[in-house]
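Within every chain, numbering begins at 1; the chains are lettered A, B, ... in the order of the sequence lines, protein sequences first and strands thereafter. Only this structure's heavy atoms are used, side chains among them; waters, hydrogens and symmetry mates stay out.
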Amino acid sequence: MSVRVRFAPSPTGFLHIGGLRTALYNYLFAKHHGGTFVLRIEDTDQSRYVEDAEQDIIDSLEWAGMTIDEGPTNPGEFGPYRQSERKEMYHKYAKQLIESGHAYYAFDTTEEIDQMRERLKASGNPSPSYDSITRQSMKNSLTLPQDEVEKKLENGDEYVIRLKVPRRETVKFEDLIRGVVSFETAGLDDQVLMKSDGMPTYHLANVVDDHTMNITHVIRGEEWLSSAPKHMLLYNAFGWEPPTMAHLPLIMSPSGGKLSKRKAESEGIPVNTKDYIAGNYEPEALINFLAYLGWSPGDDSEIHDMKELCELFTLDRVSKGGAVFNYKKLMWYNEHYIRETSVADLLPRVKELAENAGFDTKDDEYLVTVVGLLHERVSIVDEFVEMGSFFFEAPKEYDEKALKKWKDDSAGLVTAYKEKVEALSDAEFEAATLKSKLEETIEEHEVGFGKLMMPLRIAVTGQGFGPDLFASLELLGKEEVMSRIDVALERLG
RNA sequence: GCCGCGUUCGUCUAGGGGUCCAGGACGCCGCCCUUUCACGGCGGUAGCACGGGUUCAAAUCCCGUACGCGGUACCA
């Protein structure tokens with residue numbers, strides 16, 4: 001049977017970076033085996049539904065380079081792909097479970113359940129739950145007379161359907177990442193399968209869908225491991241062969257704990273995929289980084305594109321422990337992929353960025369030189385415009401830190417240099433000459449290179465760092481350079 | 001609390017009984033290159049959570065402890 005996996009997010013917000021990695025591992029696994037990558041929208045919680053979330057998920061996956069083989073917008077033969085559109089199916093299967101004695105109706109109100117919990121807590125039970133013991137004293141089809149149950153159902157009284165968890169049983173299953181995992185049913189509660197609003201809970205929906213959609217491998221976050229035994233119980237109750245399980249380690253925040261939205265933001269880590277899109281990160285970098293966050297091919301390689309990752313990826317090489325998100329390493333990947341991208345490919349992107357910043361980008365030839373000069377220096381494409389802003393307009397102010405290098409003798413040296421260079425024709429105004437003129441000047445004044453270099457850089461670019469200065473001067477042209485020096489001399493003295 | 005899952009440099013990881021006084025990458029530090037900023041090159045720093053076993057031999061197997069994380073909902 002060919003591999004079919006699903007990424008099954010709930011549309012309660014924008015696609016989280018952890019979700020993106022789960023999707024990636026599913027995708028890589030599917031493609032490694034020539035299988036199918038399914039997107040299923042788990043929208044069974046109507047109270048948390050977010051309108052634009054589904055589109056955001058689809059856009060994010062596409063940006064990251066994952067092709068959805070089957071999903072709500074490109075259905076295959078196992079649709080629909082939104083759980084809200086499969087309601088009848090869940091009802092049918094829930095009913096089947098009741099008939100086979102694996103589930104039952106429960107009529108308790110929220111208040112009654114709360115009271116039960118209070119009562120048990122008061123009598124010394126630290127974690128009361130609706131289970132094989134407590135269900136005997138609750139209002140459900142196991143305790144109520146048959147005719148009363150039927151009457152309640154006919155009256156349209158609110159009810160839920162609960163899983164009848166066996167009293168004492170051991171549920172064991174093999175997880176591809178963790179090996180054999182084992183749970184005692186005594187610790188499980190009678191999970192709600194159908195909610196009183198007629199929607200299934202995740203537990204029922206996920207089992208029914210994975211089975212009816214022919215999913216062969218369930219690859220999901222570790223937060224699901226604890227409820228996996230309930231799912232196994234369900235597969236058993238239906239008499240279905242469960243899919244192979246693989247529970248992924250969580251992505252952790254640098255300060256510890258699951259990388260939550262709140263934590264990530266306070267630690268300067270973009271948490272939603274859309275933040276990376278808006279922030280102009282290289283998708284290849286994010287993907288490469290994410291792939292290695294909890295997985296490695298086992299050799300010393302670090303750089304792989306999606307195609308290579310598909311070839312290399314296996315679940316047995318996924319690590320078990322949580323992985324801390326290392327933003328600096330992400331940036332290292334980002335720098336790497338920018339350097340790998342040709343100037344020609346970068347050009348239109350930088351052009352758009354610069355224009356959005358309100359700069360006149362002059363002609364493409366000019367821009368090509370700008371991009372070339374900054375290519376090895378930027379960490380993220382935005383920096384082409386930030387670091388290179390002086391290519392488009394004269395510095396409005398001078399960087400404070402850089403200004404410390406503007407010493408008492410700076411004005412004199414810059415003036416001396418200016419006088420030399422002023423004599424050059426436009427054609428002579430090129431990097432090598434500009435450099436030799438600087439050498440001449442420092443020799444005449446018997447000072448070090450930096451004594452003139454830094455002030456000159458500040459005067460022309462406003463910054464204490466940046467691309468090769470002489471090439472920059474050449475590109476800017478004589479007239480512009482002269483004018484900037486004059487302004488600086490006047491303002492800095 | 002209970003249940004489950006984890007634990008190799010600061011971080012991501014390699015390693016699955018001898019070839020490991022533990023390898024790679026990010027970061028950090030230093031040197032070289034560049035009389036500028038970077039890129040790059042070279043080198044350095046730093047780790048098997050702890051305690052017991054098993055074994056001729058344990059980072060690797062077993063048990064316990066500690067710590068971390070997850071779950072404990074009519075949320076997913």
For [X] and [N], give me the distance from atom [atom1] to atom [atom2], rounded to whole Å.
X      : N     : atom1 : atom2 : answer
A:F465 : B:U36 : CZ    : C1'   : 13 Å
A:F183 : B:C2  : CZ    : P     : 17 Å
A:I458 : B:U36 : CD1   : C1'   : 12 Å
A:Y49  : B:A76 : OH    : C1'   : 15 Å
A:K230 : B:A76 : NZ    : C1'   : 12 Å
A:E223 : B:U72 : CD    : P     : 10 Å
A:L438 : B:U36 : CG    : P     : 11 Å
A:L290 : B:A25 : CG    : P     : 22 Å

Please determine, for the side chain of [X], which listed nucleotide ([options]) has the closest atom?
X      : options             : answer
A:R117 : B:G24, B:G40, B:A73 : B:A73
A:S319 : B:U36, B:U13, B:C26 : B:U13
A:E222 : B:C75, B:C5, B:U35  : B:C5
A:K195 : B:C75, B:C3, B:A38  : B:C75
A:R178 : B:C74, B:A14, B:C5  : B:C5
A:M453 : B:C39, B:U36, B:U13 : B:U36
A:V181 : B:A76, B:C39, B:C5  : B:C5
A:K320 : B:A76, B:U7, B:C12  : B:U7
A:N326 : B:C74, B:C26, B:G40 : B:C26
A:W332 : B:A14, B:C74, B:C26 : B:C26

Could a donor-acceptor pair under 3.5 angstrom be found where the side chain of [X] meets the base of [N]?
X      : N     : value
A:R377 : B:C39 : no
A:S226 : B:G70 : yes
A:S127 : B:C2  : no

Run the salt-bridge test on [X] and [Y] with the 4.0 Å N-O cut-off and return the result as yes or no.
X      : Y      : result
A:R82  : A:E85  : yes
A:K164 : A:D190 : no
A:E184 : A:R168 : no
A:D189 : A:K230 : yes

Legend entry - Aromatic-base stack, A:F449 on B:U35, cutoff 5.5 Å, angle under 30: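 Yes; centroid distance and tilt both under limits.
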Legend entry - Same-atom distance (P) from B:A73 to B:U11, integer angstrom: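 33 Å, rounded to whole Å.
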Have a look at [X] and say if it touches a base, only the backbone sugar-phosphate, or nothing, with a 4.0 Å heavy-atom cut-off.
X      : value
A:M252 : sugar-phosphate
A:D108 : base
A:V324 : sugar-phosphate
A:E335 : nothing
A:L469 : base
A:Y202 : base
A:G450 : nothing
A:S47  : nothing
A:G257 : sugar-phosphate
A:S301 : nothing
A:R317 : sugar-phosphate
A:E42  : sugar-phosphate
A:K435 : sugar-phosphate

Inset, instruction - Searching all strands shown, indicate the nucleotide that pairs with B:C31 (Watson-Crick or G-U wobble; both distances under 3.5 Å). - result: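 With both distances under 3.5 Å, B:C31 matches B:G41.
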Inset, instruction - Once you apply the 3.5 Å cut-off to both distances, tell me the Watson-Crick or G-U wobble partner of B:C3, or none. - result: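 Base-paired to B:G70.
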Inset, instruction - Return no unless some side-chain N or O of A:K328 is found under 4.0 Å from OP1 or OP2 of B:C12. - result: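 The answer is no; no side-chain N or O of A:K328 sits under 4.0 Å from OP1 or OP2.
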Inset, instruction - Considering just the side-chain nitrogens and oxygens of A:R48, establish if one lies under 4.0 Å of OP1 or OP2 belonging to B:A76. - result: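 So the side-chain polar atoms of A:R48 never come under 4.0 Å of the phosphate oxygens OP1 or OP2 of B:A76.
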Inset, instruction - Measure the shortest side-chain to side-chain distance between A:D209 and A:R40 over non-hydrogen atoms and say whether it is less than 4.5 angstrom. - result: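 Yes, their side chains come closer than 4.5 Å.
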Legend entry - Within-4.5 Å side-chain heavy-atom neighbours: A:Y90 and A:Q83: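 Result yes, sub-4.5 Å side-chain heavy-atom pair found.
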Legend entry - Audit row: A:F313, A:F29, ring-ring contact (aromatic ring centres under 6.0 Å, His included) steps and yes/no: CA-CA 6 Å; A:F313 188 84; A:F29 180 78; 7.1 Å; no
Inset, instruction - Take A:R339 and A:E335 through the test salt bridge (charged side-chain N to carboxylate O under 4.0 Å, His left out) and record every step on the way to the result. - result: CA-CA 6 Å; A:R339 276 177 232 128; A:E335 287 164 12; 3.2 Å; yes
Inset, instruction - Nearest-nucleotide wise, let me know which of A:L225 and A:A8 is further upstream toward the 5' end of RNA chain B. - result: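 Whichever sits nearer the 5' end wins; that is A:L225.
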Legend entry - Given RNA chain B, 5'-ward residue of the pair A:Y292 and A:Q83, judged by closest heavy atom: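 In this pair, the answer is A:Y292.
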